[in-house]
Student: 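This structure is in C-alpha cells; I'll ask about it shortly.
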Amino acid sequence: MQNDQVTTLIDQALALAEQSLRLTSPNPRVGCVISSSSGQPLGAGHTQRVGSPHAEIMALRDAAAQGHSVVGATAYVTLEPCSHHGRTDPCCDALIEAGIKKVVASIADPNPLVSGQGFARLRAAGVEVEVGPGAAESRELNIGFFSRMIRRAPWVRLKVAASLDGKTALDNGASQWITAEAARADGHAWRARACAVLTGIGTVLEDNPRLDVRLVDTPRQPHLVVVDSRLETPLDAHLFIAGRALYIYAAVPNDAKKAALEARGATVIYLPGQTPESSSKVDLAAMLRDLARREVNELHVEAGFKLNGSLIREGLVDEFVVYLAPKLIGQGRGMANFGPLTELAQAVPLTFTSTEMLGPDLRILARIPGRDQF
C-alpha cells in the first residue's frame, strides 16, 4: 500500500481515538481501522469504557456486523495491541485468531505489561508488524497515560482564567465571571478529558464549588482531589457527588473528621511532608505518585494562587491552560504565589504550544520545556 494511503488510514484511526477522549480513563485512547489489501475499509472502532472492549475488538466486531471477512487484512491501530490479561483479554490474540495479516501501529505501549510483547506475539504468529506512522499524535493524545507508565506520576495541567494583567480575582475574592461563556465551556472540556480535578481547601471554603463537568457532554465525571492539610472540608460541601471518587489529602491527623468525611464517601489519605518544617503540609510530590497508583493519567488543576504557587515552586506542573480576558483589573489576586525571585534568570521558562480565540477571550497553552520528553 502507498504511503499516502497508510497515512490516511492512520489518520482515520487517530480521529477515532480522539472520539474516546473523555471515555476511556484510565485506559489509553486508541482507534483502529481494518482494511483490505486494496484499501477497502472493513471495520473501525475505538476503545470503550474501562473494562469494555478495546479498539481492535470494536473494529473486528464492526467488520463482522457488515459481513466482511478480515482474513488477510491489515489493522491500523494507534497503540500497540495489548498482550496481557487485564480487565479484558489480549487484543493481539484476537487479531491473530481473526486472520489479520499485518498490523500497522503508531507507537509501542509504555505499559510494562505490554511494552513490545504485543508486537512480539504478533510476529511470532506470522503477522507482519510496522511501527511508526502517527506516533507523535498518538503519544500526545495519551500524554497522561505515557506519563503515568513512565514517570509514575500524572501529567499535571494547570488551568487559570485571568484578566489581561494576570489577575484571577478581585481583592475581595470575586471572580465570576472573568472570562466569557465560550472559555468557560472550553475549561469544562479540559476537565472532562482529565482523570481527576485537583483543588485546594482555600477554594473549597471560599467558593464551595462542585468542580464537575456541566457545560459539555461527558460519559463520566472525573475524580476530585482536594489538598486539605488540616481536614477542614465541610461535611455539607458541594464536592460530594454520588458516583464520583473524592480523594482528600491531609497532613495533620484528625481521625474523627476523617471518619466523618469517609462516611460521606470520601477517601482520606495522610501524606505529611518529610521534614519538621513541612510536616503540617501535604507532600505534593508524594500525592502525585499516589494518584498515579490510583490510575490517574491527567490531573487538571483548578485552584487558588497559593496551591498554584506551591505546585509551580516544587516543579510539579507540566502544562498550563490560560484564558486571558480582554479587561484590566489592577489590584487583585494573581495566578500563582511563589518567589520572590531575585533575578529574571530564575523565572519559570515556558513554551507556547497553542493560541486560540474563544469568543472574546484568548486561550494560551504553554508547557515547561522538556517536560514531555520521557
Side-chain angles (χ1 to χ4, degrees), residues 26 143-144 147-160 168 190-191 194-207 209 211 222-233 239 245-254 257-258 261 266-322 333-341 346-350 366-368 370-372 374:
I143 190 74
S147 176
R148 175 165 68 91
M149 289 297 162
I150 297 172
R151 300 193 302 179
R152 298 291 184 265
W155 180 258
V156 179
R157 185 180 289 116
L158 192 154
K159 175 255 182 179
V160 175
T168 59
W190 286 100
R191 283 184 192 175
C195 294
V197 175
L198 170 70
T199 196
I201 185 59
T203 299
V204 173
L205 296 176
E206 191 162 288
D207 299 338
L211 287 172
H223 307 325
L224 184 62
V225 181
V226 180
V227 177
D228 180 7
S229 295
R230 300 181 181 278
L231 286 184
E232 299 174 277
T233 299
L239 303 177
L246 170 59
Y247 301 111
I248 300 176
Y249 287 86
V252 180
N254 182 340
K257 185 63 177 289
K258 177 178 184 287
L261 289 166
T267 299
V268 177
I269 305 105
Y270 290 129
L271 270 183
Q274 299 303 301
T275 67
E277 295 78 16
S278 65
S279 61
S280 63
K281 297 182 180 298
V282 172
D283 185 331
L284 297 176
M287 178 190 71
L288 294 184
R289 293 191 294 271
D290 187 69
L291 287 171
R293 287 191 288 270
R294 297 176 190 274
E295 297 188 306
V296 171
N297 296 334
E298 294 182 17
L299 182 64
H300 177 86
V301 180
E302 293 199 31
F305 63 92
K306 291 182 180 178
L307 180 53
N308 286 351
S310 296
L311 290 165
I312 294 170
R313 183 173 55 251
E314 295 187 30
L316 301 177
V317 179
D318 300 304
E319 184 173 27
F320 295 83
V321 180
V322 180
R333 299 184 182 182
M335 297 183 183
N337 185 22
F338 65 98
L341 308 181
Q346 298 171 337
V348 177
L350 295 172
R367 286 186 177 177
I368 306 290
R371 288 301 286 258
D372 53 2
F374 46 78

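Values in this document were obtained by computation on a predicted structure and should not be read as measured data.
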Student: State, yes or no, whether a side-chain contact exists between Lys258 and Asn254 at a heavy-atom distance under 4.5 Å.
Tutor: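 The answer is no; the side chains never approach within 4.5 Å.
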Student: Which atoms form the tightest heavy-atom contact between Pro154 and Leu291, and what is the distance?
Tutor: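 Closest heavy-atom pair between Pro154 and Leu291: CG-CB, 4.2 Å.
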Student: Can you tell me how far the CG atom of Asp228 sits from the CG atom of Leu261, to the nearest 0.5 Å?
Tutor: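 Asp228 CG to Leu261 CG: 7.5 Å, rounded to 0.5 Å.
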Student: Give me the atom names and distance for the closest heavy-atom approach of Ser280 to Ser229.
Tutor: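 Taking every non-hydrogen atom into account, O-CB, 3.4 Å.
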Student: Tell me, with the steps shown, if Leu311 and Leu198 meet side chain to side chain contact (heavy atoms under 4.5 Å, CB included).
Tutor: CA-CA 11 Å; Leu311 290 165; Leu198 170 70; 4.1 Å; yes
Student: Going by heavy atoms in the side chains, are Val348 and Ile368 under 4.5 Å from each other?
Tutor: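 Contact flag for Val348/Ile368 side chains = yes.
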Student: With a 4.5 Å limit on heavy-atom distance, are the side chains of Leu239 and Ile248 in contact?
Tutor: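 Contact flag for Leu239/Ile248 side chains = no.
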Student: How long is the gap from CD1 on Ile143 to CH2 on Trp155, to the nearest 0.5 Å?
Tutor: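 Rounded to the nearest 0.5 Å, the CD1-CH2 separation comes out at 4.5 Å.
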Student: For Asp372 and Asp318, what are the C-alpha separation, side-chain angles and deciding distance, and is it a side chain to side chain contact (heavy atoms under 4.5 Å, CB included)?
Tutor: CA-CA 8 Å; Asp372 53 2; Asp318 300 304; over 6 Å; no
Student: My understanding is that only residues two or more places apart in sequence, or in another chain, count here; which of them pass salt bridge (charged side-chain N to carboxylate O under 4.0 Å, His left out) with Arg157?
Tutor: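 Partners of Arg157 under the salt bridge (charged side-chain N to carboxylate O under 4.0 Å, His left out) test: Glu298, Glu319.
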Student: Does some side-chain heavy atom of Arg294 sit less than 4.5 Å from a side-chain heavy atom of Tyr247?
Tutor: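 Yes, at least one pair of side-chain atoms sits under 4.5 Å.
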Student: How about Asp290 and Tyr249: does a side-chain donor come under 3.5 Å of a side-chain acceptor?
Tutor: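 A pair is found: one side chain offers a donor N or O, the other an acceptor, under 3.5 Å apart.
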Student: Provide the closest heavy-atom pair for Ala251 versus Val282 in the form atom of the first, atom of the second, distance.
Tutor: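 Smallest interatomic distance, heavy atoms only, reads CB-N, 3.8 Å.
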Student: Are the side chains of Thr199 and Leu307 in touch, meaning some heavy atoms are under 4.5 Å apart?
Tutor: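 Contact flag for Thr199/Leu307 side chains = no.
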Student: Testing the basics here: between Ser279 and Pro272, what is the closest heavy-atom pair and its distance to 0.1 Å?
Tutor: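 Reported closest heavy-atom pair: O-CB, 3.3 Å.
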Student: Check side-chain contact (heavy atoms from CB on, under 4.5 Å) between Ala250 and all other residues, then give those that pass, not counting sequence neighbours.
Tutor: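 Testing Ala250 for side-chain contact (heavy atoms from CB on, under 4.5 Å), a comparison that skips the adjacent residues, returns Leu231, Tyr270.
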Student: So do Val317 and Val301 actually touch side chain to side chain, heavy atoms under 4.5 Å?
Tutor: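 Counting from C-beta outward, Val301 and Val317 never come under 4.5 Å.
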Student: Got a second to check how far Ile201's CD1 is from Glu232's CD, nearest 0.5 Å?
Tutor: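 Interatomic distance, Ile201 CD1 to Glu232 CD, rounded to 0.5 Å: 5.5 Å.
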Student: Is the Lys NZ or Arg CZ of Arg151 less than 6.0 Å from the centre of Phe374's six-membered ring, within 45° of the axis?
Tutor: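 Judged by the rule (NZ or CZ under 6.0 Å from the ring centre, within 45° of its axis), Arg151 counts as positioned above Phe374.
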Student: Can Met287 and Val225 be said to form a side chain to side chain contact (heavy atoms under 4.5 Å, CB included), step by step?
Tutor: CA-CA 10 Å; Met287 178 190 71; Val225 181; 4.3 Å; yes
Student: To the nearest 0.5 angstrom, please state how far the OG1 atom of Thr233 sits from the CG atom of Leu205.
Tutor: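 Taking OG1 in Thr233 and CG in Leu205, the distance rounds to 7.0 Å.
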Student: Verify, without hydrogens or angle tests, whether Asn297 (side chain) and Pro26 (backbone) share a donor-acceptor contact under 3.5 angstrom.
Tutor: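 Side chain of Asn297 to backbone of Pro26: a pair is present.
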Student: Which value, rounded to the nearest 0.5 Å, describes the distance between Arg191 atom CZ and His300 atom NE2?
Tutor: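 Spacing of CZ (Arg191) from NE2 (His300) equals 6.0 Å.
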Student: Within this structure, what is the CG-CZ distance for the pair Asn308 and Arg313, rounded to the nearest 0.5 Å?
Tutor: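 Asn308 CG to Arg313 CZ: 11.0 Å, rounded to 0.5 Å.
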Student: Which heavy atom of Ala285 sits nearest a heavy atom of Leu316, and at what distance?
Tutor: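 Minimum heavy-atom separation between Ala285 and Leu316: N-CD1, 3.8 Å.
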Student: For Lys281, check salt bridge (charged side-chain N to carboxylate O under 4.0 Å, His left out) against everything at least two apart and list the hits.
Tutor: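 If we apply the salt bridge (charged side-chain N to carboxylate O under 4.0 Å, His left out) test to Lys281, skipping adjacent residues, there are no hits.
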Student: Would you say that Gln274 contacts Asp283 through its side chain, given a criterion of any heavy-atom pair below 4.5 Å between the two side chains?
Tutor: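 They are in side-chain contact.
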Student: Check Val322 against Met335 and note the closest heavy-atom contact, atom names and distance.
Tutor: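 Heavy atoms only, the tightest pair is CG1-CE, 4.0 Å.
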